[in-house]
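Each remark here refers to the structure printed beneath this line.
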Amino acid sequence: MYSIRGLGACEEVGRSGFLLDFGEKFLLDYGVKLEPGGIRYPLDVTENIKAVIISHAHLDHSGYLPYYYKKSEALSFMTQPTLEIADILWQDSLKIADFEGAVPKYSKDDIIRTHKYNFILPYNKELHVTDEVSLQFTDAAHILGSSITRFEHDDKSFVYTGDFKLEETQLHSGTIIKEKADYVLIESTYGDREHPNRKEVEKNLCESVQNTIEQGGHAIIPAFAVGRSQEIVDILTSYNINADIYLDGMGKKVANLYLQHSNLIKNPKRLRKGLKEINWIGGFGDRKKAMKKPSVIVTTSGMMKGGPVMWYAQQILNDPKSKLHLTGYQAIETPGRMLLEEGKLPYGKNGAIVKVNCKYEKFDLSAHPGQEEMLRALKKWSPKKAFLIHGDKDVMPIFEKSIEERLGIDTEIVRADQKINF
Ligand SMILES: [Zn+2]
Ligand SMILES: [Zn+2]
């Protein structure tokens with residue numbers, strides 16, 4: 001008998017952590033959840049673990065791993081880009097904790113220890129972790145280095161999707177599902193809805209940016225550091241936006257990794273060309289210069305929770321010619337969400353809430369599958385049973401019902417600290 005136990009990302013998005021037991025136990029992801037009130041963590045791992053799998057670098061999947069390696073001596077497996085991007089995010093989390101006067105859950109030494117127990121596993125290489133269990137990564141097409149993990153034990157197969165994308169995006173061709181699976185643990189982020197046509201959203205974004213420039217304003221584009229910043233640059237440069245485009249914030253560091261691993265990107269030549277064409281902001285002097293005439297600024301953070309975007313936003317707050325272009329999910333209680341719902345933003349050192357007089361709009365460029373995409377993926381795997389994770393509480397039952405009604409696949413929502421035998 002097998003079992004699965006949820007440690008986090010159960011009826012919520014964030015702090016992923018799942019224990020999969022084939023007789024030997026595996027930890028699938030170990031992340032954190034960044035909330036306005038502070039960081040939330042998954043449950044502690046108290047069992048003996050054979051190995052840890054990290055599906056991709058986003059902090060909600062990798063952010064708690066250095067804490068786990070305070071004590072553990074289990075091996076961990078991930079792709080090379082996942083390790084390199086996660087390392088940037090771990091180091092940055094320590095810096096933020098220091099800046100905010102918070103006590104971090106792990107130290108620089110714990111990060112070094114995490115590297116020591118890590119093994120790089122490239123895509124499409126089967127690895128026998130034990131005599132009975134093998135695992136294999138395939139490209140999940142969510143961000144650089146993201147993987148779908150396939151375990152095999154005896155004649156049974158088990159797929160953990162992590163975060164994935166079936167449809168093509170600007171940087172990735174979409175994941176390819178070749179084999180069926182007996183059991184699937186699937187993300188449910190957008191299990192209750194569809195995304196708008198992506199090409200159309202890209203076109204609308206570019207037209208809005210070009211209009212803003214033509215009216216003499218600044219087009220500010222808050223974007224996540226990992227994936228979205230690089231994707232926006234690729235979109236803008238391939239649409240031949242006629243303006244000075246700048247890249248600022250942590251997206252620059254990550255862009256260098258995208259360049260190093262560009263063989264994993266759909267159109268590496270185009271991405272390299274785009275990133276070369278634009279201006280990389282080096283320091284505060286560059287920032288001021290970039291704001292001297294109409295310009296496009298791609299910068300972190302994506303939900304406007306700190307980062308250089310806050311400085312840029314303050315420059316255009318009262319300029320009706322300029323526009324803020326939000327490009328991703330805006331969590332509850334973030335400034336980005338406040339902007340969309342109330343047309344307000346925090347301003348100045350003490351964060352007084354002020355009305356925004358520039359334009360703003362959200363462009364839905366998700367790196368997650370919509371409901372139809374997920375149903376198509378599940379049809380290909382056609383498992384005996386699907387387990388749902390990584391979705392909001394009110395989304396899960398809608399997705400569960402759709403899977404059972406449309407595909408007739410037995411489906412169960414994984415709840416926190418609940419063990420499911422199968
Ligand atoms: Zn992700
Ligand atoms: Zn995630």
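Atoms within each ligand, like the ligands themselves, are counted from 1 in listed order. Computed from a predicted model, the values in this text were never measured in an experiment.
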Check your understanding: If you draw a 6.0 Å radius around CD1 in Ile176, do more than 12 non-hydrogen atoms from other residues or ligands fall strictly inside?
Key ->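 Not more than 12 within 6.0 Å, no.
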
Practice item. Applying side-chain contact (heavy atoms from CB on, under 4.5 Å) between Leu166 and each of Arg376, His368, Lys380, Met374, report the one that passes. Key: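 It is Arg376; the other options fail the test.
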
Practice item. Taking the six-membered ring for Trp and the full ring for Phe, Tyr or His, determine whether the centres of His153 and Phe158 are under 6.0 Å apart. Key: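 No, they do not, as the ring centres are separated by 6.0 Å or more.
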
Practice item. Among Arg270, Arg198, Lys266, find the one that has a salt bridge (Lys or Arg N to Asp or Glu O under 4.0 Å) with Glu231. Key: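 Going through the options one by one, the only one that passes is Arg198.
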
Practice item. Would you check if the side chain of Asp44 reaches a backbone N or O of Thr46 as a donor-acceptor pair within less than 3.5 Å? Key: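 No, because the side chain of Asp44 does not come within donor-acceptor range (under 3.5 Å) of the backbone of Thr46.
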
Review point. Could you give all pairs that pass the salt bridge (charged side-chain N to carboxylate O under 4.0 Å, His left out) test and reach residues 49-71, with sequence neighbours left out?
Key: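 Every salt bridge (charged side-chain N to carboxylate O under 4.0 Å, His left out) pair that includes a residue of residues 49-71, provided the two are not neighbours, is Lys70-Asp110.
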
Practice item. Determine how many protein N/O/S atoms sit closer than 2.8 Å to the Zn ion (ligand 1), leaving waters out since they are not shown. Key: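 Count of protein N, O, S atoms less than 2.8 Å from the Zn ion (ligand 1): 4.
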
